[in-house]
Structures are given as C-alpha cells and as structure tokens.
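Chain letters run A, B, ... following the sequence lines, proteins first and then strands; every chain starts at 1.
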Amino acid sequence: MPRLIEGIIEAFTLIITLDPNLMKIIMLSLQVSGAAVALSMLCGVPLGAFLGLKPAVRTRFVSKILYTLMGLPPVVAGLIIYLLISRAGPLGVFGLLYTPTAMIIAQFTLAMPIIAGLTMVGIRSRGKEIQETARTLGASRLLTAWTVIRESRFAIFGAIVTGFGRVIAEVGAVMIVGGNIDGHTRVMTTAIVLETSKGHYELAIGLGVALLVISFVINSLLYYLQGGVGSYDRRL
Amino acid sequence: MTGGYEILSVEKLTKKYEKEVLHVEKLSFEKGKIYGLIGPSGAGKSTFLRLINFLESPTTGRIFFRGKEVFGNGRLDLSTQRGMTMVFQKPVLFKTSVSENVAYGLKARGFPKEEIREKVELLLKKVGLEAFAGRHAGSLSGGEAQRIALARAVAFDPGVLLLDEPTANLDPNNIEMFEDLILNLNKEKEMTVIMVTHNIFQAKRIAHEVLFFYEGYLVEKGPASQIFSSPEDPRTRAFVEGRMVY
C-alpha cells in the first residue's frame with residue numbers, strides 16, 4: 001500500500017512538473033490514438049449510417065462480421081498487421097513496421113468496427129423514419145444523409161467515445177507493430193508494461209494516472225460536445 | 001372546392017413483397033380535391049400512399065405527376081419529389097426547435113432567410129402554436145407535434161399533401177383542429193389532399209371523394225355522398241355500414 005501511495009505522489013509530481021519523458025509518451029499516445037479514431041470516424045460513421053439505413057435482413061452477414069470485429073483481440077489485430085507490414089509481408093516494401101503509422105493502422109483496425117457497429121445500431125433505431133421524413137420534405141440525398149447523422153448524433157458520439165476508449169487503453173497491438181521503441185513508438189500503455197517489468201512503479205503509476213486523466217478530459221470534451229449540441233438546439 | 005386538372009395518376013400499379021399487396025389498374029386525382037382512402041387493415045392504402053410519395057418503388061406500373069411520368073428515366077428527380085409531401089401517423093420531428101422544424105423544407109429549397117422567418121411565423125400562427133416557436137420539438141404533446149408536422153409539410157406549398165392516418169392518435173379536440181386546418185389549406189391553396197383514414201366519419205366529414213380499398217384492390221371510388229349513401233359494391237356497403245370485421 002505505501003508503494004502505491006508513494007507511486008501516486010511521484011506520479012503527480014511528474015505530471016505537475018511536466019516531466020519531458022512523460023510528456024513525450026503522452027503526446028505520442030494522443031497522436032496515434034487521435035489519428036486512429038479520426039480515421040475510424042471518417043470510415044465508420046458513413047459505413048454505419050449506410051448499414052443502419054438498409055433493412056436488417058439485407059445486412060445480416062455484414063453485421064455479424066462487424067460485431068465479431070468489435071470484439072477482435074488487440075494481439076490478434078497486431079499479429080495480422082505485423083504479418084502484413086513486416087519485411088517479408090505483402091506490404092513490407094513500405095517499411096512501416098515499428099513506426100507510429102503501423103500503430104495507427106493497428107488501432108484503426110480495432111476502433112473502426114466499434115464506431116461503425118455502434119453507429120449502425122444507433123441509426124437503425126430511428127434512421128429510417130428520419131430518412132423518409134427528410135425525403136418527403138424535399139431534402140436532397142446529401143441533406144437527407146446529413147439529417148440522419150445529425151439526428152443520430154448522440155449514438156454517434158457514444159460510438160466515438162467507445163472507440164477512443166478501446167484504443168487509448170490497448171497495449172497488445174501497439175506493442176507488436178510498434179515495438180515500444182523509446183522516443184519513437186513508446187506510448188502510455190506500452191511504457192506502463194515496461195516500467196512495471198523493470199520495477200519502476202512510480203513512473204508506471206504516473207503513466208496510469210495520466211492515462212486516466214487524459215481519458216477523463218477527452219471524454220468530458222466529447223460529452224460537452226454531445227450535450228452542447230442539444231443545448232444549442234434548445235436555444236433556437 | 002373547384003376541382004381541376006389531373007395532378008396525379010397511376011396505371012397498372014402493383015407492389016409485391018412475398019405476395020402481391022397492391023394492385024391498382026387505373027386511378028387519377030384532380031387538383032384541389034380532398035380524397036379519403038378507406039378500407040380495412042391490410043387493404044393496401046398505406047402502401048399505395050408510400051408508392052405515390054416515392055418512398056418505395058412499385059413492382060410494376062407507372063405513376064404520372066403533373067403530366068410527367070415519374071421514374072420514366074429510371075430515376076426520381078428532386079423537383080418531382082418536391083411536388084408532394086406526407087404527414088405520417090406518428091409525427092417525426094427533428095431534435096431541434098419548433099421553428100427549425102417548420103423551416104426544414106424551406107431551407108432545403110433554398111428560400112431566403114427573411115422569407116423563411118415570415119412563413120414560419122405565419123404557419124405557427126395558423127396551427128395555433130406561435131408561442132412555441134423557440135421550444136424544443138421534443139417537449140410537445142402528440143397533438144401539438146402533429147400540428148407542427150402539418151405546418152412543416154405545407155410550408156413550401158406542395159401540390160399534393162398525403163396524410164397517413166394523421167389523427168389516429170389524437171384526442172377529439174386535436175382531431176377537429178387538424179381537420180379544420182386541412183379544409184382551410186385545401187380551400188386557400190387548392191391543395192390536393194389524399195388521406196388514409198380508418199375513421200369513416202372523418203372521411204365523410206372532409207373528403208370530396210372516397211376510395212374504398214380491399215385486399216390490395218381499389219374496389220370503389222366516388223363522391224363521398226354517394227359512397228356513404230348508396231355504394232355500388234356490397235363490400236363497400238358492408239364496410240361503411242360497419243358490418244365488415246377488420
């Protein structure tokens with residue numbers, strides 16, 4: 001217990017003094033997970049909206065695949081990406097292994113099915129009636145699509161928050177394809193594993209606390225945006 | 001009611017899911033009239049409405065709107081789609097303010113801001129909800145929401161207004177208010193109204209012409225007075241006299 005308390009005190013010292021090592025790791029984590037979630041949003045939201053508007057019976061097979069991928073173990077995702085981008089793999093020529101790009105690809109593989117799947121479920125609940133209402137009011141295809149997404153924004157925000165939570169906290173995939181190289185591909189989760197194995201619990205706890213704080217701040221921001229849209233509507 | 005030229009017509013229109021649910025040989029609607037579509041559940045009334053509102057494609061048949069064949073070139077063009085609108089049984093309001101809801105169709109058509117503001121104000125006054133302009137649509141009662149859905153649908157003066165059992169969930173006061181609004185719109189704008197209703201008294205009150213559907217077929221069409229006093233088909237008679245179990 002004293003070790004835990006000491007660790008927490010040390011952790012806060014590292015955070016408050018903006019320890020350069022810690023900051024570097026945090027920044028890389030945010031860049032990798034932020035890029036992966038942004039790309040997953042760009043692909044997952046339109047895909048989820050498309051599937052959500054189709055009759056469930058016609059998307060049964062795709063839905064099953066999506067649901068399976070939502071539970072894809074990170075180490076399996078990491079292994080597949082590793083085999084694809086390793087020197088002997090089909091994408092080996094691009095030299096992506098042990099780079100932040102490889103980590104983004106791995107995290108995209110984990111977040112995209114979650115964002116697409118939850119968006120699909122959210123849109124399926126009310127999307128069809130919104131789509132028909134917009135169409136019958138003379139909306140173009142683009143405006144109809146935008147209206148459906150806008151009306152399903154709470155579900156979509158929920159999907160993004162869940163996708164972000166999945167990737168910021170995962171360790172297996174980034175460890176395999178990133179290699180946990182100091183100053184290059186070391187992110188918070190892989191650093192925690194390393195520091196714990198070395199017995200440096202203070203830094204490990206510091207990183208753990210930082211991970212929680214960052215998750216809290218980002219989720220609060222998304223929650224604010226989600227609620228903020230609602231408040232804006234009420235003011236109109 | 002003046003009656004006028006043929007605004008909408010269909011030929012050999014069918015819709016088949018697992019089995020055929022609708023089969024209409026030939027039917028036309030005149031501008032400025034109110035039509036009541038009656039019949040037991042599963043008679044094909046709502047399917048017919050969805051087909052002529054282009055929400056579903058017919059299995060076979062042709063639809064003509066303002067003299068032009070819809071889907072003639074295999075596609076539905078936006079200007080045709082914008083010629084008519086529908087109010088559903090359950091009002092679907094967007095998660096925004098009442099005024100933004102009413103303005104939706106006008107914004108979609110690129111009306112100038114000032115004109116949108118004026119039209120929205122006028123329409124809210126017409127449906128008796130001018131004090132609700134800034135309220136969130138989610139806070140409205142069922143009757144209020146249906147009146148807003150109607151205001152939103154008629155804001156851009158559609159040629160044809162389709163109503164799918166719009167008063168099925170309303171109390172008598174709201175039903176009366178809704179019917180008055182329909183009658184006024186029809187009178188002022190010569191708007192063609194095609195309304196599906198399970199309430200034969202409602203059809204009797206407001207429709208100029210009544211169409212009786214049964215098992216996917218149009219059985220009889222005629223002036224409301226004739227359909228309710230001396231229908232030609234025994235099935236129509238059974239239905240309007242309340243002897244048909246449905």
Side-chain angles (χ1 to χ4, degrees), chain A residues 45 48-50 52-60 118-119 121-160 222-236, chain B residues 17-18 49-50 52-56 75-111 120 133-139 149-164:
Chain A
V45 172
F50 175 77
L53 290 171
K54 292 273 170 207
V57 68
R58 280 167 59 187
T59 59
R60 251 190 315 222
L118 294 180
T119 299
V121 173
I123 284 185
R124 189 160 284 161
S125 66
R126 204 169 163 248
K128 191 75 187 162
E129 59 183 33
I130 297 292
Q131 184 192 33
E132 289 189 347
T133 302
R135 276 185 63 185
T136 199
L137 291 170
S140 62
R141 278 173 188 271
L142 196 64
L143 180 60
T144 302
W146 171 242
T147 305
V148 170
I149 287 174
R150 191 177 177 278
E151 289 295 303
S152 309
R153 60 191 177 273
F154 297 113
I156 293 171
F157 268 115
I160 294 166
L222 287 169
Y223 188 81
Y224 170 78
L225 286 172
Q226 192 180 36
V229 175
S231 323
Y232 172 71
D233 285 343
R234 280 188 285 280
R235 285 200 304 271
L236 275 171
Chain B
Y17 297 110
E18 278 167 12
L49 221 56
R50 290 177 64 79
I52 59 173
N53 195 210
F54 324 122
L55 291 176
E56 286 182 46
R75 284 192 65 153
L76 170 68
D77 66 277
L78 194 57
S79 64
T80 307
Q81 187 188 320
R82 286 179 170 174
M84 64 175 93
T85 188
M86 178 139 101
V87 174
F88 301 91
Q89 180 178 345
K90 182 183 152 218
V92 180
L93 297 185
F94 301 131
K95 290 176 195 160
T96 179
S97 68
V98 164
S99 56
E100 280 293 308
N101 263 283
V102 178
Y104 185 88
L106 297 166
K107 283 186 175 176
R109 285 162 178 76
F111 275 71
V120 169
R135 278 205 12 205
H136 194 270
S139 67
L150 179 66
R152 182 178 62 180
V154 300
F156 41 87
D157 295 333
V160 178
L161 173 64
L162 306 169
L163 304 167
D164 191 2

*Please confirm whether the backbone N or O of B:Leu55 pairs with a side-chain atom of A:Glu132, one donor and one acceptor, at under 3.5 Å?*
no
_Side chain B:Thr85, main chain A:Thr136, donor-acceptor under 3.5 Å_ =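 Confirmed, B:Thr85 side chain pairs with A:Thr136 backbone.
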Measure across [X] and [Y] and return the closest heavy-atom pair with its distance rounded to 0.1 Å.
| X | Y | answer |
| --- | --- | --- |
| B:Lys95 | A:Arg150 | O-NH1, 4.3 Å |
| A:Arg135 | B:Phe54 | NH2-O, 2.9 Å |
| B:Leu93 | A:Arg126 | O-NH2, 2.8 Å |
| A:Leu143 | B:Ala108 | CD2-CB, 3.5 Å |

*Part of B:Arg152 within contact of chain A (heavy atom distance under 4.5 Å)*: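 It is both, since atoms from each part get that close.
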*Below 4.5 Å from any heavy atom of chain A, which atoms of B:Lys107 appear? Answer side chain, backbone, both or neither.*
neither
*asked:* I need the A:Ser140 OG to B:Arg82 CZ distance, nearest 0.5 Å.
replied: 6.5 Å
*In terms of heavy-atom contacts, does CZ of B:Phe111 have more than 12 from other residues, nucleotides or ligands at under 6.0 Å?*
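Counting other residues, nucleotides and ligands, CZ of B:Phe111 exceeds 12 neighbours.
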_Among B:Leu106, B:Asn53, B:Val92, B:Val87, residue most engaged with chain A (heavy-atom pairs, under 4.5 Å)_ = B:Val92
*Could you go step by step and tell me if B:Tyr104 and A:Thr147 meet the side-chain hydrogen bond (donor to acceptor under 3.5 Å, both in side chains) rule?*
CA-CA 10 Å; B:Tyr104 185 88; A:Thr147 305; 2.6 Å; yes
